[in-house]
Amino acid sequence: ETGVTQTPRHLVMGMTNKKSLKCEQHLGHNAMYWYKQSAKKPLELMFVYNFKEQTENNSVPSRFSPECPNSSHLFLHLHTLQPEDSALYLCASSQGGLAGEYNEQFFGPGTRLTVL
Amino acid sequence: EDQVTQSPEALRLQEGESSSLNCSYTVSGLRGLFWYRQDPGKGPEFLFTLYSAGEEKEKERLKATLTKKESFLHITAPKPEDSATYLCAVQRSNAGNMLTFGGGTRLMVKP
């Protein structure tokens with residue numbers, strides 16, 4: 001048990017659908033992250049939230065919309081995705097000070113997304 | 001731009017055959033270097049953080065070392081359960097809490 005949970009674990013959606021990924025951390029951390037992991041490519045950072053505020057958006061297309069209502073929950077809202085968006089989407093959290101200290105990140109199990 | 005290169009991409013070992021995985025990095029001002037283990041279909045599991053050249057950390061059969069240009073993950077007498085993908089990531093000093101990951105090394109240990 002990593003302390004970071006993600007739902008759903010698997011998701012199949014059409015290009016016109018709207019869906020949301022959910023992440024919850026039970027570690028008392030202040031920073032949360034979304035990553036994309038595609039086959040044969042390194043982990044790509046998508047978004048960073050520190051103390052509920054978005055501090056990084058790594059040039060992610062607007063069809064991905066993050067939401068962080070509190071320090072324990074993070075959502076990724078998906079709409080009009082493309083087949084190339086199919087990947088493993090990972091959520092992580094860290095104790096994370098705003099200066100970047102305490103940055104051991106702990107990952108959830110991921111959501112395997114398939115876009116048809 | 002920060003760069004992290006891991007080698008080899010894949011490594012097959014016999015049980016008990018010790019070896020090392022390499023992580024070469026280019027970053028202007030290293031705050032920390034991180035090692036993770038990832039099993040198929042799961043999220044990465046944190047292993048080690050190294051902060052300065054010369055630092056070493058150990059956990060069971062794993063030992064991580066750091067120089068100014070690279071890090072090694074030494075695996076001593078591996079067992080089949082050590083089979084996984086090992087990921088390396090760096091954090092730059094002035095980059096907040098962003099990590100840059102390498103492509104990983106897929107380790108397969110055969111009995």
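Throughout, a chain's letter reflects where its sequence line sits, starting with A, and its residues are numbered from 1. Heavy atoms only: backbone and side chains are in, while hydrogens, waters and symmetry mates are out.
- A donor atom on one side chain and an acceptor atom on the other are found under 3.5 Å apart for A:Y35 and A:Q105.
- For the pair B:Y25/B:Q3, no side-chain contact is recorded, criterion being any heavy-atom separation below 4.5 Å from C-beta on.
- Residue contact with chain A, scored on non-hydrogen atoms closer than 4.5 Å, is absent for B:F48.
- No close placement of the A:F64 and A:H79 rings is indicated, their centers lying 6.0 Å or farther apart.
- Considering only heavy-atom pairs separated by less than 4.5 Å from chain A, the leading option among B:Q6, B:R92, B:Q38 is B:Q38.
- In this structure, A:P66 and A:F75 have side chains that are not in contact, with every pair of non-hydrogen atoms separated by 4.5 Å or more.
- At a 4.5 Å heavy-atom cutoff, the contact between A:Q37 and chain B is made by side-chain atoms alone.
- When heavy atoms are compared at a cutoff of 4.5 Å, A:L43 approaches chain B by way of both its backbone and its side chain.
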